[in-house]
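Because the structure is a prediction, the values reported are computed rather than measured.
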Amino acid sequence: MHSLDALAYTNPWRRRHPAEKAALALGLLSCAVVLPPWPGALLVGGVALVVLLGPVALRPVQVWRAVRAPLVFIAVGSVPLLVAVGGAVLVRFEPAGAGPALALAGRAFAALLGLVLFAATTPLADTLPRLARLGVPAAVTEIASLIYRLLFLLLDTIAGVREAQAGRLGFRTWRTTYRSVAGQSGAVFVGSFDRARRLEQGLALRGYTGSLRVQVEARPVSWRFLAVTAVVLAGVVTAAMVLG
């Protein structure tokens with residue numbers, strides 16, 4: 001999470017309006033869901049990967065770090081399609097499920113690259129304040145913002161506790177490792193509630209009424225970028241229909 005957030009603040013598209021990047025990323029995601037998986041998933045994933053490695057200027061290792069954890073969930077979700085239950089053998093391999101499993105994995109991976117394209121180029125601080133203009137309730141954006149901040153505080157707390165335990169040889173053996181992990185979980189759990197309580201008290205003392213107003217930097221929308229996005233998406237749809 002730290003690396004993805006750092007990429008969002010340092011990439012070449014950082015100064016672009018979030019609507020431009022949302023149009024491209026969500027357009028690719030929609031194509032991955034609506035178009036036939038073959039060759040739609042290949043086209044969508046290829047375009048997203050070219051944009052990530054080209055204009056966004058990410059390195060292949062950075063893209064891999066961003067997608068490796070979600071890839072585990074994609075694999076876990078695809079494996080059940082290869083298994084059949086019932087009959088003479090209670091659980092058996094089902095060859096007919098290979099096609100649907102590959103189609104599901106292809107769609108999911110293409111959609112994942114589209115989401116990474118948006119997440120790696122747009123900080124959440126640029127997105128949440130603008131959602132209120134689209135009619136999203138202020139309570140939703142405020143809760144999302146607070147949870148986002150608390151996640152980073154939680155990760156910092158975990159890193160600090162783990163470093164302190166490692167300095168005291170808390171991971172020397174399996175027995176000490178289990179003990180350290182249990183202590184770490186308890187310390188993080190108690191610390192999270194304490195931070196949340198202090199945050200609530202601080203907001204109350206500042207007269208919090210359910211909405212935190214922040215100044216949003218005005219950024220013009222590039223109609224040229226949107227036009228190029230429309231051409232790219234139209235090209236993906238046309239190519240998928242023709243090749244399919």
Side-chain angles (χ1 to χ4, degrees), residues 1-14 18 21-22 25 29 52 56-77 108-109 111-131 136 138-206 208 212 214 216-217:
M1 179 178 291
H2 284 284
S3 59
L4 192 61
D5 198 68
L7 291 176
Y9 279 98
T10 57
N11 72 91
W13 282 10
R14 168 69 174 84
K21 296 172 282 188
L29 188 150
L52 285 170
V56 181
L58 296 187
R59 299 192 304 273
V61 65
Q62 292 174 322
V63 177
W64 167 247
R65 289 173 181 171
V67 302
R68 61 184 178 184
L71 277 178
V72 176
F73 292 94
I74 294 176
V76 172
F109 185 63
L112 172 62
L113 288 177
L115 289 177
V116 170
L117 174 59
F118 183 77
T121 56
T122 311
L124 197 64
D126 289 350
T127 306
L128 290 178
R130 291 179 169 85
L131 290 179
V136 178
V140 175
T141 58
E142 294 300 328
I143 292 175
S145 178
L146 291 175
I147 291 177
Y148 187 69
R149 173 173 173 77
L150 287 175
L151 281 176
F152 284 96
L153 293 175
L154 180 63
L155 291 175
D156 289 338
T157 302
I158 292 175
V161 173
R162 185 175 182 84
E163 184 178 356
Q165 291 176 333
R168 294 173 174 83
L169 302 179
F171 301 97
R172 185 178 67 258
T173 63
W174 283 106
R175 183 176 181 179
T176 58
T177 298
Y178 289 143
R179 186 183 304 167
S180 297
V181 170
Q184 181 184 97
S185 302
V188 171
F189 183 79
V190 175
S192 299
F193 273 91
D194 181 62
R195 285 181 179 272
R197 178 183 57 80
R198 285 186 289 160
L199 178 61
E200 180 183 7
Q201 292 176 348
L203 291 174
L205 292 174
R206 290 169 175 81
Y208 177 69
L212 291 175
V214 296
V216 180
E217 181 181 357

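For the atom pair Asp156 CG and Arg195 CZ, the distance stands at 8.0 Å (nearest 0.5 Å). Note that OH of Tyr178 is 10.0 Å distant from OG1 of Thr173, once rounded to the nearest 0.5 Å.
Taking 4.5 Å as the limit, some side-chain heavy atom of Pro123 sits within range of a side-chain heavy atom of Arg14. Using a 4.5 Å heavy-atom cutoff, the side chains of Thr176 and Leu169 are not in contact. For the pair Leu124/Leu128, a side-chain contact is recorded, criterion being any heavy-atom separation below 4.5 Å from C-beta on. For the pair Arg198 and Asp194, the minimum side-chain heavy-atom distance is below 4.5 Å. Between Trp64 and Leu58 there is no side-chain heavy-atom pair separated by less than 4.5 Å.
Other residues, nucleotides and ligands contribute over 12 non-hydrogen atoms within 6.0 Å of the CZ atom of Arg197.
Between Val56 and Thr121, the closest heavy-atom pair is CG1-CG2, 3.6 Å. Nearest approach of Leu117 to Trp13, heavy atoms of both residues: CD1-CZ3, 4.4 Å. Closest of all the heavy-atom pairs between Ala57 and Pro12 is CB-CG, 4.0 Å. Residues Ala66 and Leu4 come closest through the heavy atom pair CB-CD1, 4.2 Å. The minimum heavy-atom distance linking Gln62 with Leu7 is given by the pair NE2-CD2, 3.5 Å. Pairing each heavy atom of Gly170 with each of Ser180, the nearest pair is O-OG, 2.7 Å.
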Stepwise, does the side chain to side chain contact (heavy atoms under 4.5 Å, CB included) test hold for Gln184 with Ile158? CA-CA 7 Å; Gln184 181 184 97; Ile158 292 175; 4.0 Å; yes

Start with the C-alpha distance between Phe118 and Thr127, add both sets of side-chain angles, then the distance that settles side chain to side chain contact (heavy atoms under 4.5 Å, CB included), and finish with yes or no. CA-CA 10 Å; Phe118 183 77; Thr127 306; 3.9 Å; yes

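Between Phe152 and Tyr148, the ring-plane angle classifies as perpendicular under the 30° and 60° cut-offs.
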